[in-house]
Visitor: 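My questions will all concern the structure given below.
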Amino acid sequence: MPVLEEKGQIQIHTENIFPIIKKAVYSGHEVFLRELVSNGVDAISKRRMAAMAGDCSEGSEGSIQIRIDREQKTLTISDNGIGMSADEVKRYINQVAFSSAEDFLEKYKSDGDAIIGHFGLGFYSSFMVAAQVELVTLSAREGSEAVRWTCDGSPSFSLESAERSEPGTDVILHLMEEELEYIEPARIRTLISTYCDFLPVAVQLEGETVNKREAPWRKSPRELSDTDYIELYRYFYPFQGDPLLWVHLSTDYPYTLQGILFFPKSSGRADWEKGEIKLYCNQVFVSDSIKEVVPRYLLPLRGVIDSPDIPLNVSRSALQTDRKVRSIGGFVAKKVADRLKQLHRDEPRRYAEIWDSVAPFIKIGAMEDEKFADQVAELVLFGSTAPPATESGTADDGEGAPAEGDGQAETGSLDPIPAGDGRAYTTLAGYRSRLSTDNAKRILYCTDEAGQAGALALWKSQGAEVLLADTFIDTQFIPWLEYRHEDLTFQRVDAELDDTLKEQESELADAEGKDSSEKLRDLFKTALANDKVTIQVQALKGEEAPAALILLPEQMRRINDMGALMEQRLPGLPEHHVLLVNRRHPLVAGLLTLSAGAVITTPGAGSASPSQQLADDLACHVYDLARLAVGGLEPNQLSGFQQRSAELMGRLMQRGL
């Protein structure tokens, strides 16, 4: 065998190698192992394809061997792939212009298995951890001779004959002192599991196969069971329960992409900025931040997206504006919408049961993406005070009899959808199908069943159906819906009350020409002494109607809520609001009687009698109760309220004894 010996200078193309040397392309040194193992897998794939074309020997089953030598402080990554001749080493290693993948793909482009070409300069990442790199390689092509290439990280190299019995390549890293963590087996095992777990080639550490080898997302959904999907989720996200549902992605035009996305159970820890989806390139882990690829509203989904067509070695700003990347994001969003449509159509009960967990994705996505909004328009659910529909399509009033209305949305789906524990969910179309002609354009909703309990009870007592929009997102989603449906008006239950909730009673005026409503209005206005509170007096229907309600005009409240959102605080009770006093309530009627019996007794002109003072204090107490119901009492006001309540009850007891 002739002796080969050559020395020279590597022809460095600055635009390719410079970022590597400056350590700008890779976020951490550990990715060198990913790059070298990926190169080995490429070489094995190339040998298989070349052997099929009759250009080289086939060899045994491909594998990557990783060996550690503590004494020599070396880490060796070996493959039994296609190897290289001396000329190929000069071309692909020394010239460093492009990876060999491009030329190879051009020759064997008919094969469906793509080469990991996007890692491009991967071999040179070894100089992030090695003071010297040796490459011993033997081409699988007939008549080839082994060569050894050596470089210390400078542009100088040596190329000479070597000994290697089988085709393939050894990359021997002489580690720097500060990088000796990479001769620890546990560290290498962790890196293999992180970056190379799903590569189709066995990656062995000291003879033991470490990686799983099979990537479920590269299979057809027909080949996978529910258990397969759930096990993958548990592997990626241990101790976080099972997923609610999943979306299997697969396309080969106009780009190649596979993946599986999972909807997690709502946990309150969703990452809307970075995301929890893992990005792979031909089964090699690249990143756990995919915010440039997936629309922001889908970032908290979990799972994996695998595509060789996502440009990796470019700046983030370039990636964000890349047309192909935007197209991929649109494809993912559509597949998610299609999966939700299927579930809503085929398993409405199941869809309703998981609605709280999928709602943020749908609502935020609809507001941020017009195309996605069109795709999910019929998928938005609201909790409803209407009884759930039965399988026959009628609503169940709890006693087995159908309630008024046919319980069906225009789409013909089960609506309101029963979701267990007596809960029911409806779509906007389903709700509108049950509205009377007089109220066909008014949508009643409630955002806090406890805080708006009084008003909610009033509407329900008169047979009105109310939508339950009780998430933080709904403060923005409701106005967005109203903008999208210009013919509709969304009214919160405590915004105003219509005539159906009021008794139409005639009132008698006294000698001064005032009826009871006017007297009560004067009483409360004097007692509260607050011009920012508008006093209204009505006779409300229903035995459970409260003594008083705080009403918040819709537009005024929305402005207040938006101001609170911008200032990152809780909305609170606006200074300007309406106090609606129910003159039919026994407490209010008694208060009027107490005030009517008051006389001036006292020491100074204008002083109120004890009865009048008690009436004023009771009026203030009624107002405090109404504020308390809507969270209008600040924490620092609660102690004063408690003290006043105790004092007032004491005075009432003294009066009754």
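It should be emphasised that the depicted structure is a prediction, and the values quoted were computed from it without experimental measurement. Atom set for the values below is all heavy atoms of this structure, side chains included, hydrogens, waters and symmetry mates excluded. Along the sequence shown, the residues carry numbers beginning at 1.
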Visitor: For residues 357-375, dump all side-chain donor-acceptor pairs below 3.5 Å to protein atoms at least two apart in sequence or in another chain.
Guide:
unit_1, atom_1, unit_2, atom_2, d
Ser357, OG, Ser266, N, 3.0
Lys363, NZ, Asp474, OD1, 2.7
Lys363, NZ, Asp474, OD2, 3.4
Glu368, OE2, Arg296, NE, 3.1
Glu368, OE2, Arg296, NH2, 2.3
Asp369, OD1, Lys371, N, 3.0
Asp369, OD1, Phe372, N, 3.2
Asp369, OD2, Tyr297, OH, 2.8
Glu370, OE2, Arg484, NH1, 3.0
Asp374, OD1, Arg484, NH2, 2.5

Visitor: Start with the C-alpha distance between Ile473 and Trp480, add both sets of side-chain angles, then the distance that settles side-chain contact (heavy atoms from CB on, under 4.5 Å), and finish with yes or no.
Guide: CA-CA 11 Å; Ile473 299 172; Trp480 178 85; over 6 Å; no
Visitor: Any side-chain donor paired with an acceptor under 3.5 Å for Arg339 and Gln342?
Guide: yes
Visitor: Side chains of Lys541 and Ser461, heavy atoms from C-beta outward: is any pair under 4.5 Å?
Guide: no
Visitor: Okay, side chain of Thr427, backbone of Glu378: is any donor-acceptor separation there less than 3.5 Å?
Guide: no
Visitor: Do Ile417 and Trp355 make a side-chain contact, defined as non-hydrogen atoms from C-beta onward lying under 4.5 Å apart?
Guide: no
Visitor: Determine whether a donor-acceptor pair (N or O, by modelled atom type, separation under 3.5 Å) exists between the side chain of Asp494 and the backbone of Gln452.
Guide: no
Visitor: Which heavy atom in Leu458 sits nearest to a heavy atom in Ala545, and how many Å separate them?
Guide: CD2-CB, 3.7 Å
Visitor: Answer yes or no: is there a donor N or O on one side and an acceptor on the other, between the side chain of Gln491 and the main chain of Glu496, under 3.5 Å?
Guide: yes
Visitor: Looking only at non-hydrogen atoms, find the nearest pair between Ala547 and Val588 and report the distance.
Guide: O-CG2, 3.7 Å
Visitor: Run Leu261 and Leu298 through side-chain contact (heavy atoms from CB on, under 4.5 Å) and show every step you take.
Guide: CA-CA 10 Å; Leu261 298 182; Leu298 295 180; 5.7 Å; no
Visitor: Provide the closest heavy-atom pair for Pro295 versus Ala333 in the form atom of the first, atom of the second, distance.
Guide: CG-CB, 4.4 Å
Visitor: I'd like to know if Asp515 pairs up with Arg583 as an ion pair, taking the criterion as any Lys NZ or Arg NE/NH1/NH2 lying under 4.0 Å from an Asp or Glu carboxylate oxygen.
Guide: no
Visitor: Less than 3.5 Å apart, any donor N or O on the side chain of Glu465 or Ser384 sitting next to an acceptor on the other?
Guide: yes
Visitor: Evaluate whether atom CG of Asp531 has more than 12 neighbouring non-hydrogen atoms of other residues, nucleotides or ligands under 6.0 angstrom away.
Guide: no
Visitor: Would you say the side-chain atoms of Tyr233 pair up with the backbone N or O of Pro264, donor to acceptor, closer than 3.5 Å?
Guide: no
Visitor: Between the side chain of Arg627 and the main-chain N/O of Leu633, is any donor-acceptor distance below 3.5 Å?
Guide: no
Visitor: Before giving the answer on side-chain contact (heavy atoms from CB on, under 4.5 Å), spell out for Trp246 and Leu232 the whole-Å C-alpha distance, their side-chain angles and the decisive distance to 0.1 Å.
Guide: CA-CA 11 Å; Trp246 47 84; Leu232 179 66; over 6 Å; no
Visitor: Tell me if a side-chain donor or acceptor on Glu482 pairs with a main-chain N or O of Phe490 at a distance below 3.5 Å.
Guide: yes
Visitor: Short question: side chain of Trp459, backbone of Val466 - any donor-acceptor pair under 3.5 Å?
Guide: no
Visitor: If you count the non-hydrogen atoms of other residues, nucleotides and ligands that lie under 6.0 Å from NZ in Lys341, is the total more than 12?
Guide: yes
Visitor: Using atom types as modelled and distance alone, determine if a side-chain donor or acceptor of Trp217 lies under 3.5 Å from a backbone N or O of Val304.
Guide: no
Visitor: Give the C-alpha distance, both sets of side-chain angles, the deciding distance and a yes or no for side-chain contact (heavy atoms from CB on, under 4.5 Å) between Leu549 and Leu497.
Guide: CA-CA 10 Å; Leu549 286 170; Leu497 304 181; 4.1 Å; yes
Visitor: Could you tell me which non-hydrogen atom of Ala626 sits nearest to which non-hydrogen atom of Leu579, and how far apart they are?
Guide: CB-CD1, 4.0 Å
Visitor: Is the backbone of Glu647 close enough, under 3.5 Å, to the side chain of Arg651 for a donor and an acceptor to pair up by distance?
Guide: no
Visitor: Check the angle between the aromatic planes of Phe382 and Phe477 and answer parallel, tilted or perpendicular using the 30° and 60° thresholds.
Guide: tilted
Visitor: Kindly say whether Glu575 contributes a backbone atom to a donor-acceptor pair with the side chain of His577 at under 3.5 angstrom?
Guide: yes
Visitor: What are the two closest non-hydrogen atoms of Arg432 and Asp487, and how far apart are they?
Guide: NH2-OD2, 3.2 Å
Visitor: Could you tell me which non-hydrogen atom of Val581 sits nearest to which non-hydrogen atom of Phe524, and how far apart they are?
Guide: CG1-CE1, 3.8 Å
